[in-house]
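What follows is a short report on a single structure.
Residue numbers start from 1 in every chain, and the chains themselves are labelled A, B, ... in the order their sequence lines are given, proteins ahead of strands.
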Amino acid sequence: MRTLFRWFVTYILPPLGAFFTVVILWHFATVIFDIKRYILPGPLLVAEAGVKNLGELWNGFLMTGAEAIVGFAASLCVGTLVACLFSQSPVIRRSLFPYAIFLQTVPIVAIAPLIVIWFGTGFQSVVLVSFIISLFPIITNATAGLLQVDPDLLDLFRLNNATRWQTLLKLRLPSAVPSIITGARIASGVAVIGAIVGEFFAGYVSRKGLGYLILQTAPQLKTDKLFATVIASTILGLTIFALVSLIGNLILNRWYDGEA
Amino acid sequence: MMISTDTAFIHADQVGLSFPGAPDVLAGVNFDIPKGQFVSIVGPSGCGKSSLLRVMSGLQTATAGQILLDGRSPGNARENNLRSAFVFQDPTLLPWRTVRSNVSLPFELRDRPPAEYRNHVRETIDLVGLTEHDADKRPRELSGGMRMRASLARALVTNPDLMLMDEPFAPLDDILRQQLNEEILRIWSDQKWTAVFITHNVSEAVFLSQRVLVMHPRPGRIAADLEIPFAYPRTSDLRATAEFAELIGQVSHELRRTVE
Ligand SMILES: Nc1ncnc2c1ncn2[C@@H]1O[C@H](COP(=O)(O)OP(=O)(O)OP(=O)(O)O)[C@@H](O)[C@H]1O
Ligand SMILES: [Mg+2]
């Protein structure tokens, strides 16, 4: 009970305090400077818009959440497999790594239209955008983890005539678990951004996702609803990040008895 | 005591080791070790003790001369069922595995069915002084001494013909080191593997071995070869005798000469 209280005071109270301070300042700023509601709606108006559109926002939350989670899961699997391939030889790494960097540097808004041309509008294309931009952090972190293995342990495996395959499965992959989890944490946030951007281009089929709502609401100058949608997107990002972190910590606890 | 080449279990003939662009690590290392002998190697830090052991294990290939284990090169011997076990300075355990499953690793890497080695693993864990309860713990839950015991068990479990040990007890406190010295001698008397034991602790070298090789640095070579005539079983009483002190004096003297 005491520890719960201390945890609340140290970790929950400060960000909560900051949050309310900003909301209050925001409220008085809109009142004192008499800012037009279509430029900057006050927090009360935003809350009102949120409640009024709760059903729509909730559906968007679920839609975008599903796209982000599928995109993230795909990049976790594919990224780890690619990293396993990279870990097998420096020649493979040198030949393919530049193309992995391409994933990181290509402006996603530039290739999103291409994806629409190739794969059409709809769920699969949104997922693809989310997948492409969340892949890089998994590849880099997993590759680093697979290569940073205690050299004595590698010697131990060599002395036991371990095959490449055994060394990968029984040594490299388990050693890389903490790095893969770090990569997954970064990728989870990016996957949500990818899903929202993807909906800008390919969300016209379901007409549900948060990205689609943002795109629809902005030109109508329903700034309060726009704000509410942005906040919903943020909550979605935080939720997925927290979920991935939680699962990651559970795995680390089981495997390493509490230490990463 | 001269041992002819054909009876020597380990035969080192003008062994040299060098890395490009660096002074020779080993040069002209010669010795013969008969089967079942307990030999310690002492020498100043950086003189090439670990390198010599790595050459004996086949982890590294000599760049000059040759080492023969039972008449074959170390790599060849390892592939032909000469069982050599290596004990590293650090326990080098897989942190995500329990002691039991760490000790089982050599069999797992040889694709043996668990039923075949389960009992033997249990007996070996018991032999090094760990309990059934310890066997189900992860390395992190064990003290440094217990981790070293687990590491010894993993080496002993293969019923080795040759035990190569690289300062295994260096990080342990004096009493624990003495205890483990006595235990390792008890196991050796029973199993009669050939032992090459590296240490920088002269008293440990004299207590354990039938023979102490003193290495000279830059490049690494054998400077002295001293016989330790005490009968086995050796008990801790031996440490209090004048003869023991006398031999420690002799080895220390040789060791001092290598750095002057
Ligand atoms: N891969 C390598 N490349 C270049 N030099 C190396 C390599 N491995 C070892 N050496 C050099 O070989 C020398 C001997 O190293 P080694 O670890 O065998 O010494 P050591 O006697 O075991 O020392 P210590 O008592 O500190 O463990 C050192 O000078 C080291 O720098
Ligand atoms: Mg060393």
Exercise for the section: Go through A:L159, A:T167, A:L153 and name the one with the most non-hydrogen pairs under 4.5 angstrom from chain B. Expected result: A:L159
Exercise for the section: Heavy-atom pairs under 4.5 Å with chain B are the metric here; pick the option from A:D155, A:D150, A:N161 that has the most. Expected result: A:D155
Fill in the blank from the handout: In terms of heavy-atom pairs under 4.5 Å with chain A, the winner among B:L109, B:T158, B:D111, B:T92 is B:L109
Exercise for the section: Over 60° means perpendicular and under 30° means parallel, so classify the ring planes of B:Y117 and B:F107, tilted if in between. Expected result: parallel
Fill in the blank from the handout: CD (A:Q148) and OG1 (A:T143) are apart, to the nearest 0.5 Å, by 10.5 Å
Exercise for the section: Look only at the side chain of B:T194 and the backbone of B:G36, and say whether a donor-acceptor pair between them is shorter than 3.5 Å. Expected result: yes
Problem - Donor-acceptor under 3.5 Å (B:R147 side chain, B:P139 main chain) - result: yes
Please classify the contact between [X] and chain A as side chain, backbone, both or neither, with a heavy-atom cut-off of under 4.5 Å.
| X | answer |
| --- | --- |
| B:Q89 | neither |
| B:R83 | neither |
| B:L105 | side chain |

Handout entry: B:S50 and B:D166 side chains, donor-acceptor separation under 3.5 Å
Key = yes
